[in-house]
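These notes concern the structure reproduced below.
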Amino acid sequence: MSEAQHPPAGRLVVAAVLVLAPIVAVACSPWSAFTAIVLFGYLAALNAALVDERAVALTVVVTTVVAFVAVLLTGTGPALPLLGTGLIALLAFATAAVTPHGLMSVGAVQIVLAAHLLIDPRGLDAGLGPSPTVWTTSSVLAGVVFAVAGWVLLVRLAVLPGKHAPLRVEPSIPYGTLLAVVCGLFALICLLWFRGTNMWWTVLTVALVLQPAAQDTRARAANRIVGTFVGATVAGIAVALIASETVVLVLAVVAAVACVVLTLAGSAYWLYSTAVTVSVMLLTFTPSGLLVGDVQRIVCTVVAAAASVVAVLLVEWFGPERTVQRRRVVGR
């Protein structure tokens, strides 16, 4: 997800296995409903690991705060659509602000994390006793996210020490404004009419597809659609052919390891999208619900990716012409 100088292959594999340890621990704990949520916290820290230790440490703190605030907002009743959309827009502008420092992917994952918690908080109070308060749920979830993201920092210090040089991008479009408008629009629609569903995937798609450069957005949209379709197909075939839930779980973990390796190695985005789709679908859906989930994910991806490309095209047609600049950030 990040375009950085890449560590040696052996260290990539070791890091991939180590960073997944807390994810597996959470999945096997009474807080297993948190698994999908902490996965995003871990992905944010993983992308920051491609920069330096300071970036990871900052990401751990920011991700914990975002998780805490997003869960708190779920208790605001009728004000939630407005407040939730405001949080998404704020994170979009923050993402644009850190993009010149090579942390665009980190910011995008914060948007995804917040959208998931705001739009689909189902099961978050599982394992927290009878009728937990929103303060209890937000505190426990934030603590788990902090632990998982913090573990990535420890692995970064032990296995991948030193600094890398992420690609610094000077936007050729009003990136922050576009990200805030398109993500905010999908978030508002979901909070008003589709809360408690998987429609938050539309916000996820926009956050990950929309790029600071117009040509990159078009390429990312195509790669995302291809990866989602291939990954959903693979997950569906796996569940149809494999009866053992244990084997399916192993495949999901293998796909998650592949996500880590592909991220750290800077591989083609459609490969990463394929791996993450396989992992998410196998980890979050029962066999009986997987087909419906596959269709939902593909539709959400196509609609949101198309909206992102259309938004960029409108800016290209009617906005001032800009040129994109890329250079490595060195010595951070």
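Given the structure is predicted, the values throughout are model-derived calculations rather than measurements.
In this structure, L313 and R218 have side chains that are in contact, with non-hydrogen atoms separated by less than 4.5 Å.
For R297, the side-chain hydrogen bond (donor to acceptor under 3.5 Å, both in side chains) criterion is met by no residue, not counting sequence neighbours. Residues satisfying the side-chain hydrogen bond (donor to acceptor under 3.5 Å, both in side chains) criterion with R195, sequence neighbours excluded, are absent altogether. Annotation: side-chain hydrogen bond (donor to acceptor under 3.5 Å, both in side chains) contacts of S308 (sequence neighbours excluded): none.
Taking both residues in full, the closest heavy atoms of E316 and A214 are given as OE2-CB, 3.2 Å, listed atom of the first, atom of the second, then distance. Nearest approach of T277 to G227, heavy atoms of both residues: OG1-O, 4.1 Å.
Put simply, the side chain of T228 never gets that close to the backbone of I225: no donor and acceptor are under 3.5 Å apart. Side chain of T85 to backbone of L82: no donor-acceptor contact under 3.5 angstrom is found. N223 places a side-chain N or O within 3.5 Å of a backbone atom of A219 that can act as its donor or acceptor partner.
Taking hydrophobic clusters as Ile, Leu, Val, Met, Phe, Trp and Tyr residues chained together by side-chain heavy-atom distances below 4.5 Å, V203 does not share a cluster with V181. Hydrophobic clustering of Ile, Leu, Val, Met, Phe, Trp and Tyr side chains at less than 4.5 Å, counting indirect connections, keeps L179 apart from L90. A single hydrophobic cluster is not seen to contain both L83 and I189; linkage of ILVMFWY side chains at heavy-atom distances under 4.5 Å, directly or through other members, places them apart.
Both tests pass for R220 against the ring of Y269: distance under 6.0 Å to the centre and angle within 45° of the axis.
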